[in-house]
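The structure appears below as structure tokens.
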Amino acid sequence: MQRNRLIALVTAGAAGVASTLSWLSVRRLVDRNRPQVLAPKVGITTSARRIALVLNPTKSGTEQAVSAVEHVCAEAGLAAPLVFESEPDDPGQGAARRALEAGCDVVIAAGGDGTVRAVAEVLRGSQASLGLIPLGTGNLLARNVEVPLDDIATAAFGAIRGPVRTIDTGSIRLEHVDGSESEHAFLVIAGVGTDADIMDDTNEELKAKVGWLAYSEAGFRHLPGKRKKISVALDGGSEQTRSVRSVLFANCGKLQGLDLVPEARIDDGVLDMVVLSPRSAAGWGWIFLKTAFKARGAIPVMGFYPTASLSLRCHEPMNTQIDGDATGLVNGLHVEVKPASLKIRLA
């Protein structure tokens with residue numbers, strides 16, 4: 001009964017303000033124009049030839065990860081894996097390059113989202129496939145592709161002997177406040193605004209103790225605040241100006257305990273821009289209720305816009321994050337999807 005009342009409240013409120021959703025109306029959620037056929041799974045379980053394991057040595061579980069990968073390789077009649085460790089100033093790109101130079105066709109990232117993203121950044125566009133052994137706090141990609149978070153042995157088996165699936169990646173170019181630019185891959189969600197403020201302000205000691213719940217503590221502290229103006233153009237179209245708290249760019253939509261963007265698919269050839277524009281804590285509560293109860297009605301403080309590319313200009317500097325990692329203040333950014341650009345092995 002309580003759930004029905006909450007859903008009724010959300011949908012009733014949406015009906016009263018539907019006229020405010022005309023911005024980019026041709027791209028409203030109800031008018032999504034998505035491919036009907038998703039990328040097929042290809043490959044066979046015995047196709048792997050040479051395995052590399054990229055470890056984040058700061059994470060717990062690395063010894064179990066090495067042991068599990070060695071065991072699966074031995075069972076499959078493969079040579080022992082090459083093992084590389086990430087470094088503080090190189091979260092995995094260098095290790096992934098060395099793995100490719102050594103002829104590895106499967107590179108397994110054992111760590112958190114930063115390690116996974118670093119390895120994927122090097123592998124995308126190549127014939128090598130990514131494997132996942134989640135050892136981090138968020139493990140966002142693992143959640144979205146249903147890699148077990150608490151079973152290293154099963155994750156290792158899927159990373160080596162599972163079929164290959166081709167997925168999209170995102171590419172984001174940041175225009176930093178010092179005038180420099182940097183380009184990064186992302187696999188799950190990048191963003192600008194309050195979400196990035198939260199990532200930047202999360203207490204690392206608390207995060208080490210309670211995991212992803214530390215983000216909630218930072219989130220409560222950042223609920224108050226003012227909206228900021230941004231101007232955004234989708235797919236090379238005309239620029240539109242909005243007052244927002246956050247703008248997210250989703251390749252897939254599952255976070256810890258919530259499916260933030262239910263329509264997002266990791267292999268549909270588009271990204272989902274999510275505009276969050278609450279004025280108060282009540283607006284954040286509306287967003288939470290819609291997400292938690294999967295209410296389908298539109299609400300004015302949360303808009304969804306599928307797009308292949310976009311350019312965004314900040315009217316004042318705003319924080320950014322990529323797959324949960326804070327990436328600093330920017331004056332603007334450009335985002336685009338790279339369809340079917342990364343091979344990944346899954347059980």
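Only a predicted model underlies this, so the values are computations on that prediction, with no experimental measurement involved.
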Heavy-atom side-chain contact between Val274 and Ile189 under 4.5 Å: no
I'd like to know if the side chain of Arg345 and the backbone of Leu132 have a donor-acceptor N/O pair within less than 3.5 Å. no
Determine whether Ile322 and Asp113 satisfy the following criterion, side chain to side chain contact (heavy atoms under 4.5 Å, CB included), listing intermediate values before the conclusion. CA-CA 9 Å; Ile322 302 175; Asp113 294 308; over 6 Å; no
Does Asn144 use its side chain to pair, donor to acceptor, with the backbone of Leu140 at less than 3.5 Å? yes
Please check if the side chain of Glu85 supplies one atom and the backbone of Pro57 the other of a donor-acceptor pair under 3.5 Å. no
What I want to check is whether the side chains of Ser231 and His315 have a donor and an acceptor closer together than 3.5 Å. yes
Side chains of Leu123 and Leu342: does their closest heavy-atom pair fall under 4.5 Å? yes
Pair Ser246, Arg227: side-chain N/O donor-acceptor within cut-off below 3.5 Å: no
Flag yes if more than 12 heavy atoms outside Glu183 fall under 6.0 Å of its CD atom; otherwise flag no. yes
Passes side chain to side chain contact (heavy atoms under 4.5 Å, CB included), Thr241 versus Ile230? Steps please. CA-CA 6 Å; Thr241 298; Ile230 56 98; over 6 Å; no
Quick check for you: to the nearest 0.5 Å, what is the distance between Leu346 atom CG and Arg161 atom CZ? 16.0 Å
Nearest heavy-atom contact between Ala196 and Thr320 is CB-C, 3.2 Å
Can you find a side-chain donor-acceptor pair between Gln321 and Asp200 that sits under 3.5 Å? no
Would you say that Phe84 contacts Arg98 through its side chain, given a criterion of any heavy-atom pair below 4.5 Å between the two side chains? yes
Quick check: does any side chain N or O of Asp235 sit under 3.5 Å from a backbone N or O of Thr307, one acting as donor and the other as acceptor? no
Rounded to the nearest 0.5 angstrom, the CZ-CZ distance for Phe293 and Phe288 is 7.0 Å
Could you check whether any side-chain heavy atom of Thr194 comes within less than 4.5 Å of a side-chain heavy atom of Leu276, counting everything from C-beta outward? no
What is the minimum heavy-atom distance between Lys290 and Ala295, and which atoms define it? NZ-O, 2.8 Å
What I want to find out is whether Arg265 reaches Asp168 closely enough, with some N-O distance under 4.0 Å, to be called a salt bridge. no
Is the shortest distance from a Lys or Arg side-chain nitrogen in Arg313 or Glu175 to a carboxylate oxygen in the other one below 4.0 Å? no
Derivation and outcome, side chain to side chain contact (heavy atoms under 4.5 Å, CB included), residues Ser171 and His184: CA-CA 6 Å; Ser171 183; His184 311 269; over 6 Å; no
Indicate, with yes or no, if Val188 and Leu260 share a hydrophobic cluster defined by side-chain heavy-atom contacts under 4.5 Å among Ile, Leu, Val, Met, Phe, Trp and Tyr. yes
Hey, does Val66 have a side-chain heavy atom less than 4.5 Å from the side chain of Leu53? yes
Using modelled atom types and a 3.5 Å cut-off, is there a donor and acceptor pairing between side-chain atoms of Asn139 and backbone atoms of Gly136? yes
For the student: nearest non-hydrogen atoms of Gly61 and Ile152, plus distance: O-CD1, 3.9 Å
At what distance, to the nearest 0.5 angstrom, does OG of Ser277 lie from CD1 of Ile287? 7.0 Å
Correct closest heavy-atom pair for Asn56 and Gly111 would be CB-CA, 4.2 Å
So does Asp267 pair up with Arg165, basic N to acidic O under 4.0 Å? yes
Is a donor on one side and an acceptor on the other found under 3.5 Å between the side chain of His334 and the backbone of Leu310? yes
Exercise: identify the closest heavy-atom pair between Val119 and Val107: CG1-CG1, 3.8 Å
Could you tell me whether Lys226 and Glu316 have a side-chain N and a carboxylate O separated by less than 4.0 Å? yes
Straight-line distance of Leu130 CG to Arg117 CZ, nearest 0.5 Å: 13.0 Å
Spacing of Thr154 atom OG1 and Leu149 atom CG [to the nearest 0.5 Å]: 11.5 Å
I'd like to check Leu271 versus Phe186 (side-chain heavy atoms, cut-off strictly below 4.5 Å). Are they in contact? yes
Separation of Asp268 CG from Ile167 CD1 (nearest 0.5 Å): 11.5 Å
Glu181, CD: over 12 other non-hydrogen atoms inside 6.0 angstrom: yes
If you look at every heavy atom in Lys343 and Thr166, which pair is closest and at what distance? NZ-OG1, 4.2 Å
Might you work through the side chain to side chain contact (heavy atoms under 4.5 Å, CB included) test for Ile266 and Leu187, ending with a clear yes or no? CA-CA 8 Å; Ile266 203 167; Leu187 303 172; 5.9 Å; no
Indicate yes or no: at least one non-hydrogen side-chain atom of Val247 is less than 4.5 angstrom from one of Val232. no
Using modelled atom types only, decide if a donor and an acceptor are shared between the side chain of Ser180 and the backbone of His176 within a distance under 3.5 Å. no
Short question: side chain of Ser86, backbone of Leu55 - any donor-acceptor pair under 3.5 Å? yes
Side-chain touch Leu141/Ile344, heavy atoms, less than 4.5 angstrom: yes
Could you walk me through whether Arg173 and Ser311 satisfy the side chain to side chain donor-acceptor pair (under 3.5 Å) test, starting with their C-alpha distance in whole Å, then the side-chain angles of each, then the deciding distance to 0.1 Å, before giving a yes or no? CA-CA 9 Å; Arg173 185 176 72 247; Ser311 293; 5.8 Å; no
Donor-acceptor pair between Thr169 and Ser341 side chains, under 3.5 angstrom: yes
